[in-house]
Peer 1: 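Okay, here's the structure, questions in a sec.
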Amino acid sequence: MVTDLSIELAGIKLKNPVMAASGTFGYGKEYSEFCDLNQIGAIVTKSITLKPKEGNPPPRIAETPSGILNAIGLQSDGVEKFIAKALPFLEKFDVPVIASIAGGSKEEFAELAKILSKSKRIAGLELNISCPNVKKGGMLFGCDPDAAAEVTKAARKATKLPLIVKLSPNVTDITLIAKAVEKAGADALSLINTLLGMAIDINTKKPKLGNITGGLSGPAIRPIAIRMVWQTAQAVKIPIVGMGGIMTAEDAIEFFLAGASAVQVGTGNFVDPKCIIKIIEGLYKAGPDLLTRGDF
Amino acid sequence: MVTDLSIELAGIKLKNPVMAASGTFGYGKEYSEFCDLNQIGAIVTKSITLKPKEGNPPPRIAETPSGILNAIGLQSDGVEKFIAKALPFLEKFDVPVIASIAGGSKEEFAELAKILSKSKRIAGLELNISCPNVKKGGMLFGCDPDAAAEVTKAARKATKLPLIVKLSPNVTDITLIAKAVEKAGADALSLINTLLGMAIDINTKKPKLGNITGGLSGPAIRPIAIRMVWQTAQAVKIPIVGMGGIMTAEDAIEFFLAGASAVQVGTGNFVDPKCIIKIIEGLYKAGPDLLTRGDF
Amino acid sequence: MSSKWRGTQAAKGTVCKTVIRRFESAPRLIPGQFVTIRCGTGTEPLLRRPFAVHRVNREEKSFEILYEIKGEGTRFLSQYEEADDLDILGPLGNGFKIDLNIKNAILVAGGIGIAPLTFLAEELVKEKINVTLILGSKTKLDIPLSAIGYKLLICTEDGSEGTKGLATDLLNEFVRAQNFAPLQIYACGPKAMLKAVAQITNCQVSLEEIMACGVGACLGCAVKTKDGYKMVCKDGPVFNSEDIIW
Amino acid sequence: MSSKWRGTQAAKGTVCKTVIRRFESAPRLIPGQFVTIRCGTGTEPLLRRPFAVHRVNREEKSFEILYEIKGEGTRFLSQYEEADDLDILGPLGNGFKIDLNIKNAILVAGGIGIAPLTFLAEELVKEKINVTLILGSKTKLDIPLSAIGYKLLICTEDGSEGTKGLATDLLNEFVRAQNFAPLQIYACGPKAMLKAVAQITNCQVSLEEIMACGVGACLGCAVKTKDGYKMVCKDGPVFNSEDIIW
Ligand SMILES: Cc1cc2nc3c(=O)[nH]c(=O)nc-3n(C[C@H](O)[C@H](O)[C@H](O)COP(=O)(O)OP(=O)(O)OC[C@H]3O[C@@H](n4cnc5c(N)ncnc54)[C@H](O)[C@@H]3O)c2cc1C
Ligand SMILES: Cc1cc2nc3c(=O)[nH]c(=O)nc-3n(C[C@H](O)[C@H](O)[C@H](O)COP(=O)(O)OP(=O)(O)OC[C@H]3O[C@@H](n4cnc5c(N)ncnc54)[C@H](O)[C@@H]3O)c2cc1C
Ligand SMILES: Cc1cc2nc3c(=O)[nH]c(=O)nc-3n(C[C@H](O)[C@H](O)[C@H](O)COP(=O)(O)O)c2cc1C
Ligand SMILES: Cc1cc2nc3c(=O)[nH]c(=O)nc-3n(C[C@H](O)[C@H](O)[C@H](O)COP(=O)(O)O)c2cc1C
Ligand code: FES
Ligand code: FES
């Protein structure tokens, strides 16, 4: 098999268009025992905050039909510790690292972008303006075109690194946010983050998550993600990184047909630590013509 | 078991709080062979349009992980034929009939409300302002607080029947629509209608639905429905009819704990024609204290 | 009595048969009707799966389904050689119409489309009608068939079994040989084959569509006819070929 | 070799044992560690299920898990008496720390919390440490246990087996009888029991939390400690009881 699946996404060279999604792959180290990081298209880190952040009270995970709810709440050691402790481990590997950043204000996003731009190991930034599990900032930025544009502009000014903006699905019209963010200088979009959900334990009569609500991910949300990628692909010119419930190469292909240029795998990693590797192998077999936008 | 599960919802007396959801139970007749209609809390009819409507080209159904996509497109024989042909069958049964109506304009909603108000057999109206599968009207009304309020007002003026307004989940903030509709005169809310989704057949490289996109229902969407019911219950005073992925009595109880006063079963009917009856039996066993809002 | 397990897992593409026992409505089943079966108890797969009635034993209140393993639902069923505790809904659908005055019938099956046609053939034979069943497929099928009282013609596109060629070629010959003598013609198989059959001659076709409810309530299984959309589950699955907009 | 099926379906609440064969990493497993198992191939149930290592056979590269049937995942596993084709991830977690200098150990198990403690007891016995294993439960448990080389005390709240009372009552007596002699104390069971044990004495507790990844990547299995949130899967499942904020 000599198929070449390499792509250039927003200026980042990837061996193949399959990346690990933010928050589901730690900082790479945790899964390095179970899968060869050098084979992965790119690793998007767990979202990094400026200052250390404790995260939400447990339980943080609940299972739902073909999906999971999570309310991690952006637990983070802060950007300094990320650079000092987590990043060096990745020096050994030949895989682009995309740092996901999450600020509580546009100034924090800019500050994070600036700090991380100094590191040679970072190939690009993903702005998480769509986390449903924090009170300040988070999804609020991603639900309003103006706020989303503001954050993007602030980060754009602070860095020369490729800028991917990650969109929230919890909106009436995702193309409005996509267009606003494109205009504000984003090099690519990634979608979707989790859908805001909730589950109640009928025995205790209490929510299953410590944070009451959480973000829904996994195969259950795939039809929504596919629809949003398809809509957005028609609305913007910048490339789209699609995600939401991808477990197999076939699932990934569905996203390419919908208009994605690359994909990310999140919850799938939990189900099978070799999920990404298997997807990449599957795409090599399928060949590049299945990796292009469908005609409809 | 002498538990009394009867409720009065927006002035409609129900033997129990479990109803058949619009579009999943025909006009009652189709399922009457398989389950005793007299045991059901209420039947919400397939959405009725003013004039006959052909519906969308097939395929109209696609299965997704723990859910289904549908794009029926409000196929309807029109309100006159409904009254002349479908309604008489229901005379034999002692079950409240709630007519779901879908107009292409607020005038059409008003007209439908007026026509149906003349029938003694109709106990209430459910305004479907949230169908994702039609181009004109449909979800558009349900995605904008002002438009939703306009439609509600128009229907309110045209009828004295209890008015339930059915909300779309495809919005940034469902409580805004809920409040607007409450203010405009709705007696109750029902939520959620389906989430806009899409699936692609990777063999044919074409969408699995004739209409390209469709509405996602079933267990997959339950966490989203529960969250929206919980949010809305805190925002309005009128009662809420909860639905989305209910398959068992336990699922129904989750909705009551989230703040619903009654529930509807949709996709569950397809999986098991006796689904509603089994849920009602389960609720009798669980007893009324599990059917009240949780304290969180 | 309890269900009997096959013990082995069948691969995709394999044809399997399962006997459904203790089905009270078995005596009422007529050829062309179908049942829907819940495949498992969880939410995957979610929807019931429709299957044609392949053969009925009225005395024993049992019937058989014959199916090809396609995905999770059929794989689940293939575990059962005999089943008496499955959740089965039926009889559903209209079934084939039999004209007792026309003494010759041709049945055209494409692949697993044979499932309802063997039941039909047996009923036609009981009515003393001469039956010819043409079974066409891409390549040799591994289907256990015993044609008792009627003629079974097999053809494959690659010639690996029976005549080499299409079922419609055989049908064409047959119709021509009949020379306008009255014939009842029935067909079941892939849509492309049904369309080809319909172009040769008017007939009764059994259609398939993805189904949600199976009882006419969801309006999901629409097929376009000259009289607007009809539901395969309720108005069909058997239609007059000339009513369908192909 | 292939998997061996149990043939019967176990009911909720039943305790089952499954032998996992041909597991290359079996020799590396230490008491208190766990594995995660994918229960099926579809999307229901979605997440892998964590199970403590109950007993290891290093030569045969096999190990056992002991579990209570709770839902779909455990029901799926209960089909297997022996399995060699399951998707298993491990060894995971830190495991219990053993202090070779302290010659007496008490292990306190609440119900199915016994699973990792029998493995621990066997390893402690090998190190010539005196082991007493206290197993407390609401009512008589149907768990196949063979305590070889150590003492097993059983108590039930309803008195249906062993002493009537709580495991913590027995523990209290025991600790008092030891009169401050050095002891290693380990506990595994429901959180309420672990908290009660921790109030009596400092000990090593094995905790449970709902897990998504099982490898420290998702930060899902947080438990509050004096040093902030720690991950049960990576920093645990074994913690010092005094570090936990109960
Ligand atoms: C009235 C009717 C009678 C049928 N009788 C038979 C029969 O006797 N023997 C037989 O082998 N098959 C029959 N089918 C088709 C059978 O229902 C499907 O093969 C089966 O549902 C596939 O389920 P699965 O979970 O194994 O595969 P899935 O993974 O669900 O699907 C595999 C493939 O089958 C297609 N499919 C799924 N559901 C249907 C459906 N309802 N109709 C048509 N295609 C579908 C899917 O689009 C997909 O391409 C019949 C279908 C209908 C509508
Ligand atoms: C480190 C660790 C080791 C464990 N070791 C054992 C063991 O040796 N034997 C044993 O019987 N059980 C053990 N468990 C618990 C076991 O993982 C759950 O009982 C199992 O996952 C339930 O799966 P299910 O699909 O059968 O039930 P589900 O339907 O998923 O759940 C049934 C109940 O179990 C709870 N549950 C689900 N997942 C977990 C989880 N990860 N941790 C705790 N509770 C959960 C659910 O909240 C629910 O109340 C362990 C858990 C952990 C975290
Ligand atoms: C446990 C968990 C933690 C997550 N943390 C983050 C995060 O820190 N930042 C972020 O942008 N997205 C986060 N996500 C969202 C995923 O990156 C992804 O957008 C989403 O889960 C949908 O993809 P999936 O269905 O493949 O998981 C998280 C998801 C999960 C399940
Ligand atoms: C096949 C199908 C047809 C539907 N048609 C209608 C409709 O005509 N009017 C309406 O208000 N909702 C319609 N719905 C939405 C359901 O009433 C319900 O809101 C939704 O399916 C969520 O509930 P469920 O998960 O229990 O199915 C339809 C749903 C399905 C699956
Ligand atoms: S499958 Fe519902 S109408 Fe035919
Ligand atoms: S389960 Fe993911 S960090 Fe522990």
Peer 1: Which residues in residues 61-70 of chain A have a heavy atom less than 4.5 Å from any heavy atom of chain B?
Peer 2: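 Residues of residues 61-70 of chain A touching chain B at under 4.5 Å: A:Thr64, A:Pro65, A:Ser66, A:Leu69.
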
Peer 1: With a 4.5 angstrom heavy-atom cut-off, which part of B:Leu195 approaches chain A: side chain, backbone, both or neither?
Peer 2: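 The side chain, not the backbone.
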
Peer 1: Quick check for you: among A:Pro207, A:Ser168, A:Gly294, which has the greatest number of heavy-atom pairs under 4.5 Å with chain B?
Peer 2: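 Max contact count across the listed options: A:Pro207.
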
Peer 1: Output the option from A:Pro223, A:Gly197, A:Ala199, A:Ala220 having the highest count of non-hydrogen pairs under 4.5 Å with chain B.
Peer 2: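 When all of A:Pro223, A:Gly197, A:Ala199, A:Ala220 are compared, A:Pro223 has the most.
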
Peer 1: Check whether more than 12 heavy atoms from other residues, nucleotides or ligands sit under 6.0 Å from atom CG of A:Asp289, and answer yes or no.
Peer 2: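 It does: A:Asp289 CG has more than 12 such atoms within range.
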
Peer 1: Going by the rule side chain to side chain contact (heavy atoms under 4.5 Å, CB included), which residues pair with B:Ser22 if we only count those two or more places apart in sequence or in a different chain?
Peer 2: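 In terms of side chain to side chain contact (heavy atoms under 4.5 Å, CB included), with neighbours along the sequence ignored, B:Ser22 is linked to B:Val44, B:Ser47, B:Ser100, B:Glu126, B:Lys166.
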
Peer 1: Picking from A:Ile226, A:Leu196, A:Val229, which has the most non-hydrogen pairs under 4.5 angstrom with chain B?
Peer 2: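 Most heavy-atom pairs within the cutoff with chain B belong to A:Leu196.
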
Peer 1: Could you tell me if the side chain of B:Gln231 sits less than 4.5 Å from the side chain of A:Thr213, heavy atoms only?
Peer 2: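 Of all side-chain heavy-atom pairs linking B:Gln231 with A:Thr213, none is under 4.5 Å.
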
Peer 1: In terms of heavy-atom pairs under 4.5 Å with chain A, which of B:Asp144, B:Asp201, B:Leu290 leads?
Peer 2: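 Option with the greatest count: B:Leu290.
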
Peer 1: Atom CD1 of A:Ile221 and atom CG of B:Leu216: how far apart are they, to the nearest 0.5 Å?
Peer 2: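 Rounded to the nearest 0.5 Å, the CD1-CG separation comes to 10.5 Å.
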
Peer 1: Compare every heavy atom of A:Trp230 with every heavy atom of B:Met198, then report the nearest pair and how far apart it is.
Peer 2: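 So the two residues come closest at CE-CG, 3.5 Å.
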
Peer 1: Count the heavy-atom pairs under 4.5 Å between each of B:Ile200, B:Ile212, B:Ile202 and chain A, then report the option with the highest count.
Peer 2: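 Most heavy-atom pairs within the cutoff with chain A belong to B:Ile200.
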
Peer 1: At under 4.5 Å between heavy atoms, what parts of residues 169-184 of chain A are in contact with chain B? List them by residue number.
Peer 2: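 So the qualifying residues are A:Asn170, A:Val171, A:Thr172.
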
Peer 1: Which residues, numbered in order, of residues 247-268 of chain A come under 4.5 angstrom of chain B by heavy-atom distance?
Peer 2: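 Residues in range: A:Glu250, A:Ile253, A:Glu254, A:Leu257, A:Ala258.
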
